[in-house]
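The structure appears below as structure tokens.
Please read all numbers here as calculations on a predicted model, not as lab measurements. Below, each value reflects all heavy atoms present in this structure, side chains not excepted, and no hydrogens, waters or symmetry copies.
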Amino acid sequence: MDRRRFLASIGASGVAGLAGCPAGSETDTPDETEATGLGTTTAPRGEVSVPFRVGSEGFERRTDDGYVPLTVRGINLGMTKPGTFPGQAAITREEYDRWIAAMGEIVNVVRTYTIHPPAFYRALAAYNESATEPLLLLQGTWVPTNDFLEAEDASRSSSTVDRELQRTVDVLHGATTLPDRPGHASGTYDADVSDATLGLLFGIEWPPEIVVATNDADSVGPADGRYLRAEGAPAFERWLARRLDRAVAHGTETYNTQHPAAFVNWVTTDPLSHPYEPFRDEDRAVVDPDAVSATDEFGAGTFAAYHAYPYYPDLLNETPKYVDYVDHRGERNSYAGYLNDLVSATTHPLVVAEFGVPSSRGIAHRHVHGRDQGRHTETRQGELVAAMYEDIRHAGAAGGIAFAWQNEWFKRTWNLDARSDPNRRPFWSNVETPEQRFGLLAFDPAGGVSLSGADEEWTDATSVPATAVTDSPARSLETVRVTHDYEGLSVRLTFDRADAPTDWDVTNALVTVGLTGRSTALPFETGVTAPADFVARLAGPSDSKLLVESSYDAFAREFGETAGLDIDAYRSGAAGFVPVREPINLGYTVPPTDERVPFEAVETGQLRYGNGDPTAAEYDSLTDVYVAPDGGVVELTLPWVLLNVTDPSSKRRIRTDWESGLDATTFEGVEIGVVTYQPTDDTAQPGARTLASTAAGIEGSELRTTTYEWEPWNELTYDERLKGSYEILRESGWSGSL
């Protein structure tokens with residue numbers, strides 16, 4: 001790729017030349033209509049204000065002594081909170097005030113994807129009035145992905161996009177009222193944050209099929225605008241240049257102000273060649289930021305902006321030069337290797353506008369060097385975000401913007417997408433889904449169970465007295481308590497003595513969960529049956545897991561053939577109780593070597609022991625099971641999605657019969673049973689264990705269960721909490737980042 005047409009850094013002389021210049025002369029093609037005015041007026045001609053500009057090395061900020069360098073260390077802010085979708089624009093002024101103050105402790109830039117409600121801009125302006133260092137805004141303009149895909153050729157969306165970009169500029173200057181529109185924020189925008197606006201960042205992660213279709217149609221006119229140009233570029237890049245030129249023109253000619261401008265890009269459409277990428281669409285199209293350049297009349301300049309994560313696409317795990325790349329720490333680091341190539345291949349100063357890892361219980365994709373998409377504690381999340389920021393800076397980028405400020409409950413992830421109701425996702429917290437757990441701000445269920453042994457958390461739980469079965473050495477239950485929250489179903493076992501740590505060689509427990517009403521023989525040679533679709537075995541930190549009755553295994557129904565399972569045995573239930581799994585890789589062939597990377601799944605039903613209290617020194621955010629040091633209490637939480645509950649808020653689960661696939665049906669409650677037993681006993685009958693006690697008793701070989709029910713919900717009560725990852729970043733200052 002050529003290093004070409006980069007004219008972003010033109011100095012103060014270029015800015016002064018803007019005063020009084022005539023309007024541009026771009027002629028639209030028939031499908032591109034000039035965005036109409038929205039009540040704004042043209043400012044009197046005068047010297048154009050450029051509070052920030054792009055220099056040869058990165059951003060620069062105007063001061064009384066001239067422009068000085070500015071390194072971006074930012075955070076992405078979505079437009080949602082629990083119980084709402086982004087398009088509802090439901091975040092309040094009080095929430096924005098609180099969040100912005102906390103952001104200001106660790107970043108200098110907040111990036112938005114779209115226009116937020118007026119409360120956001122008022123809160124930002126109020127914060128900056130008294131802040132020692134202002135919090136700067138990188139303002140996005142969103143392109144609805146579904147509308148874009150339906151249009152196919154991007155030029156068919158030009159008038160809609162131009163209008164939204166104009167609205168965006170008006171909003172930044174506090175000079176517009178936006179009407180109610182489904183999926184958009186509205187109201188009177190009267191807070192001028194233009195002096196704190198670092199730049200405009202337009203668009204989405206461009207689908208490669210749209211890029212290709214737009215280039216093939218070639219229906220976009222010349223991109224020789226007054227402020228931005230893409231001369232000789234393919235149609236899609238010309239389309240981008242024309243959109244940004246009009247946005248810059250509106251800011252310049254209406255408000256006498258310019259801000260740096262760029263479009264969103266990602267690894268899939270970067271200008272590099274990736275021969276080791278196994279999926280054609282991930283290296284099919286190119287969107288080159290260097291194709292778009294600033295003219296002498298655009299003093300604020302342009303920059304490149306990429307979303308780049310370490311685990312996606314697969315080229316980051318397969319390209320030898322990346323896998324073997326040694327970073328500034330002396331460690332192998334494919335992410336740093338990719339960034340080094342990307343920054344070197346791009347003439348524009350480059351900002352990594354999204355990066356990060358989630359603190360989710362589940363995982364959706366591995367990274368060859370451990371920066372996986374999921375299964376990180378909050379502490380580890382903070383460490384990895386700081387390390388990736390260091391990689392970004394050492395690669396020579398102008399900065400990075402971590403994803404994201406808050407957990408987003410409405411999100412989905414490919415490997416669990418089909419197991420939840422898309423219309424109800426904001427109403428519960430799917431701890432298993434990585435896309436919901438990128439935030440530094442968590443929303444904990446108010447009054448929920450923390451898994452820390454706190455008696456008061458179980459005050460309102462359903463209590464079930466236990467019954468001794470034999471005089472076994474295994475500890476006997478005293479009571480079992482059952483409760484739930486937005487994250488899962490929780491069970492507490494209280495034993496008849498609390499005098500020593502639990503000896504797992506002597507005492508095991510099975511917790512059974514039934515949703516379908518079918519009774520089946522329990523595993524682990526207990527010799528009993530129960531209405532159980534799931535069984536959680538508590539057998540110590542190294543051997544505890546959740547199992548599912550095979551005919552009710554969602555993984556087998558969706559991915560069983562790809563995984564090579566005996567489908568007939570699963571369909572009939574003959575496979576018995578099997579591990580609860582989720583896929584992380586569907587398998588692929590690496591093009592240059594023809595190496596076959598097989599399908600891969602993880603046993604996500606493995607249960608992790610720890611302390612789930614965020615205030616505890618030994619806090620582990622991935623805790624599934626808490627065991628009291630004195631052996632008197634064991635607590636367990638099972639995530640809803642692992643129990644085939646597609647929506648706990650409306651009480652819907654995956655249907656019973658295999659042929660229904662992952663279709664959902666309603667249910668009233670769940671059947672809970674508990675039995676303790678001695679796992680090794682030479683005196684027991686062959687094929688059976690010596691049972692110690694049960695909750696709700698036993699009749700012959702049939703374990704009694706307790707029906708646990710709850711009321712559906714639409715209203716949520718939760719507590720905001722800054723994660724351990726936030727504290728890691730705050731205390732470190734994202735250290736080592738140059």
Side-chain angles (χ1 to χ4, degrees), residues 38-41 43 49 51-52 61 72 74-142 163-202 247 250-251 254-260 401 404-406 408 439-441 443 720 722:
L38 297 174
T40 57
T41 57
S49 173
F52 301 93
R61 179 179 180 179
V72 172
I75 194 77
N76 284 279
L77 174 66
M79 205 163 67
T80 186
K81 61 183 183 180
T84 67
F85 287 96
Q88 295 176 260
I91 303 170
T92 66
R93 171 65 189 272
E94 291 76 17
E95 288 165 330
Y96 279 126
D97 283 336
R98 190 164 57 247
W99 296 0
I100 287 172
M103 290 179 208
E105 293 287 319
I106 63 169
V107 301
N108 62 359
V109 174
V110 55
R111 181 254 184 126
T112 64
Y113 296 92
T114 188
I115 297 169
H116 276 240
F120 168 72
Y121 302 93
R122 293 170 186 159
L124 182 63
Y127 174 83
N128 284 338
E129 283 180 2
S130 58
T132 303
E133 292 293 332
L135 183 63
L136 307 181
L137 173 62
L138 189 59
Q139 175 67 51
T141 302
W142 187 257
R163 179 180 290 273
E164 196 64 18
L165 281 163
Q166 180 175 322
R167 288 188 177 108
T168 301
V169 173
D170 293 337
V171 162
L172 295 174
H173 288 273
T176 190
T177 296
L178 299 184
D180 289 336
R181 296 178 296 154
H184 296 268
S186 61
T188 298
Y189 290 82
D190 50 15
D192 187 341
V193 295
S194 58
D195 282 348
T197 298
L198 180 64
L200 305 175
L201 185 54
F202 163 57
H250 183 59
T254 305
Y255 302 105
N256 283 339
T257 302
Q258 288 185 354
H259 297 103
I401 306 174
W405 172 245
Q406 77 271 41
E408 297 178 306
L440 303 182
L441 179 71
F443 303 104
E720 291 180 5
L722 293 169

- Ring geometry between H259 and H173 (parallel below 30°, tilted from 30 to 60°, perpendicular above 60°): tilted

If you round to the nearest 0.5 Å, how far is [atom2] of [Y] from [atom1] of [X]?
{"X": "L201", "Y": "R111", "atom1": "CG", "atom2": "CZ", "result": "4.5 Å"}
{"X": "Q258", "Y": "T197", "atom1": "CD", "atom2": "OG1", "result": "13.5 Å"}
{"X": "L198", "Y": "L135", "atom1": "CG", "atom2": "CG", "result": "10.5 Å"}
{"X": "I115", "Y": "S186", "atom1": "CD1", "atom2": "OG", "result": "10.5 Å"}
{"X": "M103", "Y": "L441", "atom1": "CE", "atom2": "CG", "result": "8.5 Å"}
{"X": "T176", "Y": "D190", "atom1": "OG1", "atom2": "CG", "result": "11.0 Å"}

[X] versus [Y], closest heavy-atom pair with distance:
{"X": "F52", "Y": "P260", "answer": "O-CD, 3.4 Å"}
{"X": "W99", "Y": "T80", "answer": "CH2-O, 4.3 Å"}
{"X": "A185", "Y": "P117", "answer": "CB-N, 3.6 Å"}
{"X": "A196", "Y": "N128", "answer": "CB-ND2, 3.6 Å"}
{"X": "Y127", "Y": "G104", "answer": "OH-CA, 3.3 Å"}
{"X": "L138", "Y": "L200", "answer": "CD1-N, 4.3 Å"}

- Query: Could you go step by step and tell me if I91 and Q406 meet the side chain to side chain contact (heavy atoms under 4.5 Å, CB included) rule?
  - Reply: CA-CA 12 Å; I91 303 170; Q406 77 271 41; 4.2 Å; yes

- Message: Quick one: does any side-chain atom of Q88 pair with a main-chain N or O of F85 as donor and acceptor, under 3.5 Å?
- Response: yes

- Item | Donor-acceptor pair, side chain of Y113 and main chain of N76, under 3.5 angstrom | no

- Message: What verdict does the side chain to side chain contact (heavy atoms under 4.5 Å, CB included) test give for L172 and Y121, after you've listed the backbone C-alpha separation in whole Å, the side-chain angles of each residue and the deciding distance to 0.1 Å?
- Response: CA-CA 8 Å; L172 295 174; Y121 302 93; 4.2 Å; yes

Considering only heavy atoms from C-beta outward, does the side chain of [X] approach that of [Y] to under 4.5 Å?
{"X": "R98", "Y": "E720", "result": "yes"}
{"X": "R93", "Y": "P118", "result": "no"}
{"X": "Y189", "Y": "L178", "result": "yes"}
{"X": "L722", "Y": "L440", "result": "no"}
{"X": "L77", "Y": "H116", "result": "yes"}

- Task: Consider only side-chain N and O atoms of T141 and T168, and report whether a donor and an acceptor are under 3.5 Å apart.
- Result: yes

- Check the pair Q139 / V193 against side chain to side chain contact (heavy atoms under 4.5 Å, CB included), numbers first and verdict last. CA-CA 11 Å; Q139 175 67 51; V193 295; over 6 Å; no

- Message: Could you walk me through whether I100 and F120 satisfy the side chain to side chain contact (heavy atoms under 4.5 Å, CB included) test, starting with their C-alpha distance in whole Å, then the side-chain angles of each, then the deciding distance to 0.1 Å, before giving a yes or no?
- Response: CA-CA 9 Å; I100 287 172; F120 168 72; 4.1 Å; yes

- In a check of side-chain contact (heavy atoms from CB on, under 4.5 Å) between V107 and each of I75, L136, V72, which one passes? I75

